Amino acid sequence: SQQGEEDPQALSIQEGENATMNCSYKTSINNLQWYRQNSGRGLVHLILIRSNEREKHSGRLRVTLDTSKKSSSLLITASRAADTASYFCATDASGSNYKLTFGKGTLLTVNP
Amino acid sequence: KAGVTQTPRYLIKTRGQQVTLSCSPISGHRSVSWYQQTPGQGLQFLFEYFSETQRNKGNFPGRFSGRQFSNSRSEMNVSTLELGDSALYLCASSPRLTSYNEQFFGPGTRLTVL
C-alpha cells in the first residue's frame, strides 16, 4: 500500500486563492518531501522537511509536518495558473534503504 | 549543470518483446533510482543503484532488471513485455552527500505495449 496518501485527490481554485493539500503516512520517517508534476512529465522537487522539523517555507510554499499524527500539509499561497499540476508527497521512511514512497497525488487546477 | 536525461522519450513495443531504457544522471550524482508511474498504481519504486551496486529493489517481477555503469549512467530492462507494463518510467538521481533523499527526476520514457 502507498506510504503517503494525499487528500484531496483533486482541487480546483481561482487564481489568487490559497491551496492546501494534505498527506498522511503510516510509518516512521527520516523526512517527507513534496514534488510537482506537470502533465505526465518528470517530477520537480519542491521542498523537503525533516522529521525533527515542524514547519518550512520556500517562497509561496509552506509545509507543515506533524509526526505524532503522521501527516503533512502543503500550502500554496496566492496561486497562479502556472501552479496547475499534480502534487505528490513522498516519504523517506526510517530503514527504507534508499527509496522514496509516493502517494497518488493531488491534481490542482488553478483557474485564471 | 545539465539535468537528468532519459532516452528514448517514447517507445512502442508489442507483447513479448523486451525493452531497454537509458538514464544519464546529473554530473556528480552517484545514485540513480527508477520508478514506474501508471494511472492505477501511481508512482512505484523499481530499484536504486549507487556506485554500480543495486541497494534496493521494489516489488516487481524478475522481468524488470537494471544496472549502473562506472560513469553512473543506468539502464533498465524489461523482458517479455506485458500490456500492464505500459507506463511512464522515471529515472531520478541524487548526490547522496547526506542522508536526505532529494531526488532530481528526468522527463521520463513513455512506454506503450500493444
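In what follows, chains are A, B, ... by sequence order, proteins preceding strands, each numbered from 1. The model shown is predicted, which means the values in this text are computed figures rather than measured ones.
Between A:L100 and B:F45, the closest heavy-atom pair is O-CB, 4.2 Å. Nearest heavy-atom pair, A:Q33 versus B:E102, reported as atom, atom and distance to 0.1 Å: OE1-CA, 3.5 Å. Between B:Q103 and A:Y35, the shortest heavy-atom distance links the atoms N-OH, 3.0 Å.
Following chains of ILVMFWY side-chain contacts shorter than 4.5 Å, one can reach A:L108 starting from A:I47, so the two form part of one hydrophobic cluster. Hydrophobic clustering (ILVMFWY, side-chain heavy atoms < 4.5 Å, transitive): A:L61 and A:V110 are in one cluster. Note on A:L48: it does not cluster hydrophobically with B:F104, by side-chain heavy-atom contacts below 4.5 Å among ILVMFWY residues. Linking ILVMFWY residues whenever their side-chain heavy atoms come closer than 4.5 Å, directly or via other members, leaves B:L21 and B:I26 in distinct clusters. Under the 4.5 Å side-chain heavy-atom criterion for grouping Ile, Leu, Val, Met, Phe, Trp and Tyr, B:L46 is connected to B:V19 within one hydrophobic cluster.
Residue B:Q6: no heavy atom, backbone or side chain, is found under 4.5 Å from chain A.
Atom-to-atom distance recorded for A:K99:NZ and B:Y35:OH is 9.0 Å, nearest 0.5 angstrom.
Highest contact tally toward chain A, considering only B:L88, B:V4, B:N59, is held by B:L88 [criterion: heavy-atom pairs under 4.5 Å].
Between the side chain of A:K104 and the backbone N or O of B:G40, at least one donor-acceptor pair lies under 3.5 Å.
In this structure, a donor-acceptor pair under 3.5 Å is present between the side chains of A:Q37 and B:Q37.
Within a 6.0 Å radius of CZ in A:R54, other residues, nucleotides and ligands contribute more than 12 heavy atoms.
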